[in-house]
Amino acid sequence: MNIAAAKEIAPGERRVGLMPQGVEKLVRLGAHVHLAEGYGIPVDLDDESYRDAGAEMHPNVPEMLSATDCLVTVQKPPDDRLGLLRAGSITVGFLDPFRNIGLVGALASKDISSLCMELIPRTSYAQKMDALSSQASLAGYAAVIKAADRIDKLFPMMTTPAGTISPARVFVIGVGVAGLQAIATAKRLGARVEAYDTRPVVEEQVQSLGAKFVKIDVGETGQTEQGYAKELTAEQLEAQRQQMARHVGNADVVITTAQIFGRPAPRIVSAEMVAGMRPGSVAVDLAASTGGNIEGSVADQEVMIGGVRVIGLANLPSEVAKDASQMYTNNVVNLIEHAWDEDQKTLRLDPEDDVLASCLLTYHGEIRDERIRALVEAES
């Protein structure tokens, strides 16, 4: 089986889908790995590193893709590359299917099967394939580092002969994977950290990291079967904003992480709340690419709102591209290994398999996810 990858072309994307260690594992499985020349440049790896791992490097990307059986990407494959793939081939990567309806329709119409990394189930067994979680963890880390770089004060308390500097106050909204890593990173830097989530069940996790859990009464809340926070009603969101305003106003850094897969991000921090922050404060919106948790945030931009710097970088994992690529590679290779047929030395896509049943988005010309199929049919 020919597994291929070419450099990502999305603006600002520095991650790669396959690192040399992953190539070695695929070759040991019996796959032939083909990569575009210069593939590792974004993460400071030369072609020789990949050749040593067993990959064949190609100067002609279209020729390489036209012969591939499985294309590994980080972000969705561009239209021109998708057009080169043969019917019956497979793509593996982030597809953002709810916002790329045309892409999903094209995959189905061309009879290209797709393993959508966003749809990996959140089960104990599938943790090693869960790229959303691995990248979210890095986003939480990078958000704190970015805030520490932009704010005009120190994170830790410091006692000097000239006086004592108080620690920065960090308020993290949303205690999922990204939020937990943001809390841990801010604490390691010496900040005083508060955190809030609609799920009371995460209070213990927040406290275990040395942070204070903020309790806000918005009525009945909970989490989905896969561990995500349930969407709040408009009334609950307003009650949440009113009670949260004081904590936002007291913070030097606010980090928001609330996203709902397939829907616009909930608006949590209003313009009035931003106005209540001290000049020089920093807010980092990890949901900027899906509409933003912070009113006024702009995807892939830093904007000043009344003296508050609002950072809306949509691809924070790319800020630590080498480690992000390694983690993503492990997720992808584990998924391929899970579906690998050792006898035939190829991927065997069994739609009845517990993992593949969730992430196999298109298969034999059909869109298997009912929600996305309905959206595609509505646009056709």
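Side-chain atoms are counted along with the backbone in the values below, which use heavy atoms only and exclude waters and symmetry mates.
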Original post:
D354 versus P121: any side-chain heavy-atom pair under 4.5 Å?
Top reply: no
Original post:
Are T91 and S114 close enough that a side-chain donor and a side-chain acceptor fall under 3.5 Å?
Top reply: no
**OP:** Start with the C-alpha distance between V43 and Q326, add both sets of side-chain angles, then the distance that settles side chain to side chain contact (heavy atoms under 4.5 Å, CB included), and finish with yes or no.
**Re:** CA-CA 10 Å; V43 288; Q326 186 58 64; over 6 Å; no
**OP:** Report yes or no: does N334 contribute a side-chain atom to a donor-acceptor pair with the main-chain N or O of K128 at less than 3.5 Å?
**Re:** yes
**OP:** May I ask you to test the V214-M244 pair for a side-chain heavy-atom distance under 4.5 Å?
**Re:** no
**OP:** Assess whether atom NZ of K110 is packed by more than 12 heavy atoms of other residues, nucleotides or ligands within 6.0 Å.
**Re:** yes
Original post:
Does the T329 side chain pair with the main chain of S325, one donor and one acceptor, at a distance under 3.5 Å?
Top reply: yes
Original post:
Can you find a pair of side-chain heavy atoms, one from S133 and one from R122, that are under 4.5 Å apart?
Top reply: yes
Original post:
Just wondering, are more than 12 heavy atoms of other shown residues or ligands nearer than 6.0 Å to CG in D350?
Top reply: yes
Original post:
Between atom CG of N331 and atom CD of Q135, what is the distance when rounded to the nearest 0.5 Å?
Top reply: 7.0 Å
Original post:
Does E118 reach the main-chain N or O of L95 with its side chain, forming a donor-acceptor pair under 3.5 Å?
Top reply: yes
Original post:
Rounded to the nearest 0.5 Å, how far apart are OG of S89 and CE of M1?
Top reply: 8.5 Å
Original post:
In terms of hydrophobic clustering (I, L, V, M, F, W, Y; side-chain heavy atoms under 4.5 Å; direct or indirect links), are M157 and V193 co-clustered?
Top reply: no
Original post:
Hey, mind stepping through E56 and H32 against side chain to side chain contact (heavy atoms under 4.5 Å, CB included) and telling me if it holds?
Top reply: CA-CA 8 Å; E56 182 178 336; H32 301 284; over 6 Å; no
Subject >> Side-chain donor/acceptor of Y50 to backbone N/O of V23, under 3.5 Å >> reply: no
Original post:
Cluster question for you: counting only ILVMFWY and a side-chain heavy-atom cut-off of under 4.5 Å, with indirect links fine, are V177 and M117 together?
Top reply: no
Subject >> Side-chain hydrophobic cluster, 4.5 Å single linkage: members besides M304 >> reply: none
Subject >> Closest heavy-atom pair and its distance - E194, H247 >> reply: OE1-ND1, 3.2 Å
Original post:
With a 4.5 Å heavy-atom cut-off, do V284 and V254 have their side chains touching?
Top reply: no
**OP:** Answer yes if the ring centres of F171 and Y196 are under 6.0 angstrom apart, and no otherwise.
**Re:** no
Subject >> Heavy-atom pair of closest approach, residues G292 and S297 >> reply: CA-OG, 3.9 Å
**OP:** First locate atom NZ of K146, then atom CD1 of I151, and finally report the distance between them rounded to the nearest 0.5 Å.
**Re:** 14.5 Å
**OP:** Could you check K25 against E337 for salt bridge (charged side-chain N to carboxylate O under 4.0 Å, His left out), going step by step and ending with a plain yes or no?
**Re:** CA-CA 9 Å; K25 291 180 180 179; E337 190 172 21; over 6 Å; no
**OP:** Decide whether T256 and D285 meet the rule of one side-chain donor and one side-chain acceptor closer than 3.5 Å.
**Re:** yes
Subject >> R28 vs E24 side-chain heavy atoms within contact, under 4.5 Å >> reply: yes
**OP:** Mind listing the closest non-hydrogen atom pair of L375 and F98 along with its distance?
**Re:** CD1-CD2, 3.6 Å
**OP:** Measure across A53 and V27 and return the closest heavy-atom pair with its distance rounded to 0.1 Å.
**Re:** O-CG2, 4.0 Å
**OP:** Walk me through it: do L132 and I120 pass the test side chain to side chain contact (heavy atoms under 4.5 Å, CB included)?
**Re:** CA-CA 8 Å; L132 264 188; I120 294 288; over 6 Å; no
**OP:** Rounded to the nearest 0.5 Å, what's the gap from CD1 on I101 to CD1 on I372? Could you check?
**Re:** 6.5 Å
**OP:** Return the minimal non-hydrogen interatomic distance between C116 and P97, and the atom names on each side.
**Re:** SG-CD, 3.9 Å
Subject >> Test side-chain hydrogen bond (donor to acceptor under 3.5 Å, both in side chains) applied to S49 and D46, step by step >> reply: CA-CA 6 Å; S49 301; D46 57 21; 2.8 Å; yes
Subject >> Whether Y363 side chain and P351 backbone form a donor-acceptor pair below 3.5 Å >> reply: no
Subject >> Side-chain heavy atoms of L356 within contact of L335, under 4.5 Å >> reply: yes
**OP:** For the pair T68 (side chain) and N2 (backbone), establish whether a donor and an acceptor sit closer than 3.5 Å, ignoring hydrogens and angles.
**Re:** yes
Subject >> Separation of I3 CD1 from L26 CG (nearest 0.5 Å) >> reply: 4.5 Å
Original post:
Any side-chain heavy-atom pair from Q21 and V333 closer than 4.5 angstrom?
Top reply: no
**OP:** Could you walk me through whether R15 and N315 pass side-chain hydrogen bond (donor to acceptor under 3.5 Å, both in side chains), step by step?
**Re:** CA-CA 10 Å; R15 293 172 293 177; N315 190 358; 3.2 Å; yes
Original post:
Checking salt bridge (charged side-chain N to carboxylate O under 4.0 Å, His left out) for the pair E302/R309: CA distance, chi angles, key distance, verdict?
Top reply: CA-CA 7 Å; E302 294 185 18; R309 185 181 299 275; 3.4 Å; yes
**OP:** Please check if atom CD in E48 has more than 12 non-hydrogen atoms from other residues, nucleotides or ligands closer than 6.0 Å.
**Re:** yes
Subject >> Verify same cluster id: V201, L180 (apolar side-chain graph, 4.5 Å) >> reply: yes
Original post:
Short question: side chain of Y141, backbone of A184 - any donor-acceptor pair under 3.5 Å?
Top reply: no
Subject >> Minimum heavy-atom distance S166-K153, with the two atoms named >> reply: O-NZ, 3.2 Å
**OP:** Determine, stepwise, if the pair R86 / D69 fulfils salt bridge (charged side-chain N to carboxylate O under 4.0 Å, His left out).
**Re:** CA-CA 8 Å; R86 301 176 298 189; D69 302 304; 2.5 Å; yes
Original post:
Between N100 and D96, is there a donor-acceptor pair closer than 3.5 Å when you use the side chain of the first and the backbone of the second?
Top reply: yes
**OP:** With side chain to side chain contact (heavy atoms under 4.5 Å, CB included) as the test, would you mind laying out the steps for D252 and F155 before giving the verdict?
**Re:** CA-CA 9 Å; D252 299 299; F155 264 45; over 6 Å; no
Original post:
When clusters are formed by joining ILVMFWY residues with side-chain heavy atoms under 4.5 Å apart, either directly or through shared neighbours, do V92 and F94 land in the same one?
Top reply: yes
Original post:
Just wondering, more than 12 heavy atoms not from Q207 lying within 6.0 Å of its CD?
Top reply: yes
Original post:
Just by distance, do the side chain of D149 and the backbone of I145 share a donor-acceptor pair under 3.5 Å?
Top reply: no
**OP:** Return yes if some donor-acceptor pair links the side-chain N/O of E8 with the main-chain N/O of V74 below 3.5 Å, else return no.
**Re:** yes
Original post:
Quick one: CG on L361 to CZ on R368, what's the gap to the nearest 0.5 Å?
Top reply: 9.0 Å
Subject >> Note, L286 side chain near I255 side chain (heavy atom, < 4.5 Å) >> reply: yes
Original post:
Is L189 reachable from V170 through a run of hydrophobic residues whose side-chain heavy atoms are each under 4.5 Å from the next?
Top reply: yes
